[in-house]
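One structure is given here, and the rest of the page talks about it.
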Amino acid sequence: MTCFVRFQGTTRHPRGHFPGVFALANGLARDGRLSPAEYRFWRESNDWYDAAYPEPSATDPRVYDPALNPGAVAWFKGTARHLIERVPGYLALLAAHEVPCVRVESADPGRIVYEDDVQVVAVPWTPGQSDRVR
């Protein structure tokens, strides 16, 4: 069975989802809260990730559309170890700014609306719903 892994904040976004580790770090950078060394780490790491795997919305601009796919979020496939192994740097960056983040694992993250070799984007199931009941 495939396991999916996600790193996300502990406070819901106004749209209802929990922002992922990259969105949280991007927010710190956008708000000018990073030191020069932290900014360098963030920029270099984002560039590495941008080169390492596809951006789902570049393939399908509607993947994160809140009307079509409410609450859609990205999950790493458990087999994407090379991507997951680099996340602790982001977790340390967030911790330094007191932004709590957790690791979540699921065998069934929701209705999959995008998939590639290393990730899926899924709309979370509503309570009582599963992949067998759509």
Could you walk me through whether Val5 and Val87 pass side-chain contact (heavy atoms from CB on, under 4.5 Å), step by step? CA-CA 11 Å; Val5 178; Val87 171; over 6 Å; no

For side-chain contact (heavy atoms from CB on, under 4.5 Å), just list the numbers for Trp75 and Val104, CA-CA rounded to whole Å, side-chain angles, deciding distance to a tenth of an Å, and then say yes or no. CA-CA 9 Å; Trp75 293 74; Val104 181; 3.8 Å; yes

So Arg103 and Arg6, side-chain contact (heavy atoms from CB on, under 4.5 Å) or not? Walk me through it. CA-CA 6 Å; Arg103 178 185 171 126; Arg6 179 169 167 74; over 6 Å; no

Arg111/Val123 under side-chain contact (heavy atoms from CB on, under 4.5 Å): CA gap, chis, key distance, verdict: CA-CA 5 Å; Arg111 178 176 54 89; Val123 176; 3.5 Å; yes

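Between Arg12 and His17 the shortest side-chain heavy-atom distance does not fall below 4.5 Å. Within the 4.5 Å cutoff, the side chain of Leu93 has heavy atoms near those of the Leu34 side chain. Side-chain atoms of Leu94 and Leu28, non-hydrogen and from C-beta on, do get closer than 4.5 Å to each other. Pro109 places none of its side-chain heavy atoms less than 4.5 Å from the side chain of Trp125. Here the side chains of Val120 and Phe4 are in contact, with some heavy-atom distance below 4.5 Å. Under the 4.5 Å side-chain criterion, counting only non-hydrogen atoms from C-beta, Val102 is not in contact with Phe18. Tyr64 is listed as a side-chain neighbour of Val121, based on a closest heavy-atom distance under 4.5 Å. Using a 4.5 Å heavy-atom cutoff, the side chains of Trp48 and Leu83 are in contact.
Atoms CG and CG, on Asp31 and Asn26 in that order, are 10.5 Å from each other to the nearest 0.5 Å. The line from CH2 of Trp42 to OH of Tyr90 is 8.0 Å long, rounded to the nearest 0.5 Å. Atom OH of Tyr49 sits about 14.0 Å away from atom CD of Glu44, to the nearest 0.5 Å. Here the SG-NZ distance, from Cys3 to Lys77, works out to 12.5 Å after rounding to the nearest 0.5 Å.
A donor-acceptor pair is defined here as one N or O able to donate and one able to accept, closer than 3.5 Å; no such pair exists between the side chain of His97 and the backbone of Val99. Ser57 contributes no side-chain N or O that, together with a main-chain N or O of Asp60, makes up a donor-acceptor pair within less than 3.5 Å. The closest donor-acceptor contact from the side chain of Asn69 to the backbone of Val63 lies under 3.5 Å. A donor-acceptor pair under 3.5 Å links the side-chain atoms of Asp116 to the main chain of Gln119, judged by distance alone.
Val118 and Val113 are not part of a single hydrophobic cluster, where members link through side-chain heavy atoms under 4.5 Å apart.
Tyr53 and Phe22 have tilted rings, their planes meeting at an angle from 30° to 60° on a 0 to 90° scale.
Heavy-atom neighbours of Arg62 CZ from other residues, nucleotides or ligands within 6.0 Å: at or below the threshold of 12. More than 12 heavy atoms of other residues, nucleotides or ligands shown are found within 6.0 angstrom of CG on Asp47.
Pro70 approaches Pro124 most closely through the heavy-atom pair O-CD, 4.0 Å.
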